[in-house]
Amino acid sequence: DLAGPVFRRIAGESLRVLGVRETDASERKSTKLSDLSSSLGRTPLDAIKASAYSSIGITDPTTVRIPDLSGLSARDAIKIVTKLGLIPALDGTGRLTKQSLTPGAVVSKGSLIQLLFECVCMKSLRLDALRHAFPDLNIVGDPATLVTGITQDSRKVTKGSLFVARTGETSDGKKYIQEALNRGATAVLSDEEFDGISGLVSTDVERAVGPLAHFIYERPTSVMRSIGVTGTNGKTTITHLLRSVLDAIDTQGGLVLVGTVGCSYRDWNVPLSHTTPEADELAYLLHEAVERGATYAAMEVSSIALELG
């Protein structure tokens with residue numbers, strides 16, 4: 001007896017909010033659920049929910065409005081879409097150029113959104129800017145020469161690379177300077193000058209590569225936690241266990257693996273020729289991982305790498 005009037009009042013108020021004319025008692029008794037659904041243009045429950053959300057100034061919490069993600073890095077795009085309850089599918093690297101769901105569209109949470117990224121040149125650095133950051137280096141040639149990357153492998157040179165020409169265990173990098181220039185290198189890091197070639201001169205090229213690469217590739221380890229695992233056995237197992245744990249803790253970021261099986265983060269995989277990459281390659285890989293959203297890095301550190309520093 002007490003509940004009846006209360007429920008009738010709630011029902012009546014709901015109908016009033018929905019704009020449905022309240023009939024007399026006899027009509028209400030004969031009203032079919034399908035008739036009411038037809039008059040509302042949707043199921044009564046959905047209509048009541050939508051009206052209730054609207055009446056308190058919020059939208060349906062099961063849907064989201066798609067933002068414009070153009071120009072964002074993978075890291076930033078992933079944070080936004082996962083916070084909205086969407087499932088991201090990434091392709092490419094660099095900055096976002098296309099998204100499968102139109103900005104402004106309203107979709108259900110849990111929807112898949114495909115994100116396409118394309119490489120864009122990293123910030124170009126002048127030789128004199130590098131000299132300012134590393135006073136022990138000397139500039140030869142044009143101080144305004146721009147570089148966008150650094151590599152010791154002439155086969156991996158791209159336009160704007162700073163090619164590292166140093167003597168290794170089995171070969172002398174100076175023999176590959178012309179090949180590097182032909183591939184687009186704009187400057188050379190070495191322990192001597194070369195006529196007509198701009199570059200940087202260091203008394204200890206081997207020691208200079210690591211800090212330079214970290215600087216050129218925008219200091220990737222400054223925005224991620226890095227973990228090194230060393231030992232005779234078990235390095236690969238430990239790093240994979242770390243990834244399982246950290247991926248579960250940080251679902252928006254995750255861990256990039258560097259080691260025996262290559263470099264991998266989510267669906268991005270790069271084969272490696274050494275368990276522990278050279279400093280320039282490592283800095284590049286970590287930079288790419290950060291761009292894709294990684295927040296941790298776990299690396300197998302071989303005894304040889306430790307010995308060589």
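What you see below is based on every heavy atom in this structure, not just the backbone, and it leaves out hydrogens, waters and symmetry mates. These numbers come from a predicted model, not from an experiment. The residues of the chain are indexed from 1 along the displayed sequence.
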So which pairs with a foot in residues 128-137 pass side chain to side chain donor-acceptor pair (under 3.5 Å), sequence neighbours left out? Arg126-Asp128
Passes side-chain contact (heavy atoms from CB on, under 4.5 Å), Val261 versus His240? Steps please. CA-CA 10 Å; Val261 295; His240 278 77; 3.9 Å; yes
Quick check: do [X] and [Y] have side-chain heavy atoms less than 4.5 Å from each other?
| X | Y | value |
| --- | --- | --- |
| Ile197 | Ile177 | yes |
| Ile80 | Leu72 | yes |
| Val290 | Thr295 | no |
| Val106 | Val64 | no |
| Leu125 | Phe215 | yes |
| Lys98 | Gln114 | no |
| Thr260 | Lys235 | no |
| Val209 | Gln152 | yes |

With a 3.5 Å cut-off and no angle check, do the side chains of Arg243 and Ser264 form a donor-acceptor pair? yes
Is there a donor-acceptor contact under 3.5 Å linking the side chains of Ser70 and Asp68? yes
Looking only at heavy atoms, which two atoms of [X] and [Y] are closest? And how far apart?
| X | Y | result |
| --- | --- | --- |
| Ala208 | Pro211 | O-CD, 3.5 Å |
| Ser190 | Ala165 | OG-O, 3.1 Å |
| Ser154 | Phe163 | N-CE1, 3.7 Å |
| Leu86 | Ser108 | CD2-O, 4.0 Å |
| Ala213 | Asp280 | CB-CA, 3.7 Å |
| Gly149 | Ile216 | CA-CG2, 3.8 Å |

For the backbone of [Y] and the side chain of [X], can you confirm whether one donor and one acceptor N or O come within less than 3.5 Å of each other?
| X | Y | value |
| --- | --- | --- |
| Thr145 | Ser198 | no |
| Gln99 | Leu101 | yes |
| Ser111 | Val107 | no |

Looking at Glu179, I'd like to know if its CD atom is crowded, meaning that more than 12 non-hydrogen atoms belonging to other residues, nucleotides or ligands lie closer than 6.0 Å. yes
Tyr217 and His287 aromatic ring geometry - parallel, tilted or perpendicular at 30°/60° bounds: tilted
Distance in Å, [X] [atom1] paired with [Y] [atom2], rounded so as to fall on 0.5 Å steps:
| X | Y | atom1 | atom2 | value |
| --- | --- | --- | --- | --- |
| Leu285 | Leu257 | CG | CG | 12.0 Å |
| Leu116 | Ser100 | CG | OG | 10.5 Å |
| Leu162 | Ile150 | CG | CD1 | 4.5 Å |
| Leu272 | Glu278 | CG | CD | 11.5 Å |
| Leu96 | Phe117 | CG | CZ | 4.5 Å |
| Leu69 | Thr97 | CG | OG1 | 11.5 Å |

Determine whether Arg166 and Asp191 satisfy the following criterion, side-chain contact (heavy atoms from CB on, under 4.5 Å), listing intermediate values before the conclusion. CA-CA 7 Å; Arg166 70 180 182 88; Asp191 56 5; over 6 Å; no
Between Asp172 and Lys174, does at least one N-O distance fall below 4.0 Å, as a salt bridge requires? no
Exactly one of Thr236, Thr275, Thr230 clears side chain to side chain donor-acceptor pair (under 3.5 Å) with Glu300, and that residue is Thr236
Hey, quick one: are [X] and [Y] part of the same hydrophobic cluster, counting side-chain heavy atoms closer than 4.5 Å, chains of contacts allowed?
| X | Y | result |
| --- | --- | --- |
| Leu189 | Leu181 | no |
| Val164 | Tyr176 | no |
| Val140 | Leu127 | no |
| Leu212 | Val188 | no |
| Leu84 | Leu90 | yes |

Show your working on side-chain contact (heavy atoms from CB on, under 4.5 Å) between Thr276 and Val258 and close with a plain yes or no. CA-CA 7 Å; Thr276 307; Val258 181; over 6 Å; no
Given the rule in the side-chain contact (heavy atoms from CB on, under 4.5 Å) test, do Arg292 and Tyr265 qualify, once you have shown the distances and angles that lead to the verdict? CA-CA 8 Å; Arg292 291 171 177 269; Tyr265 175 71; 3.9 Å; yes
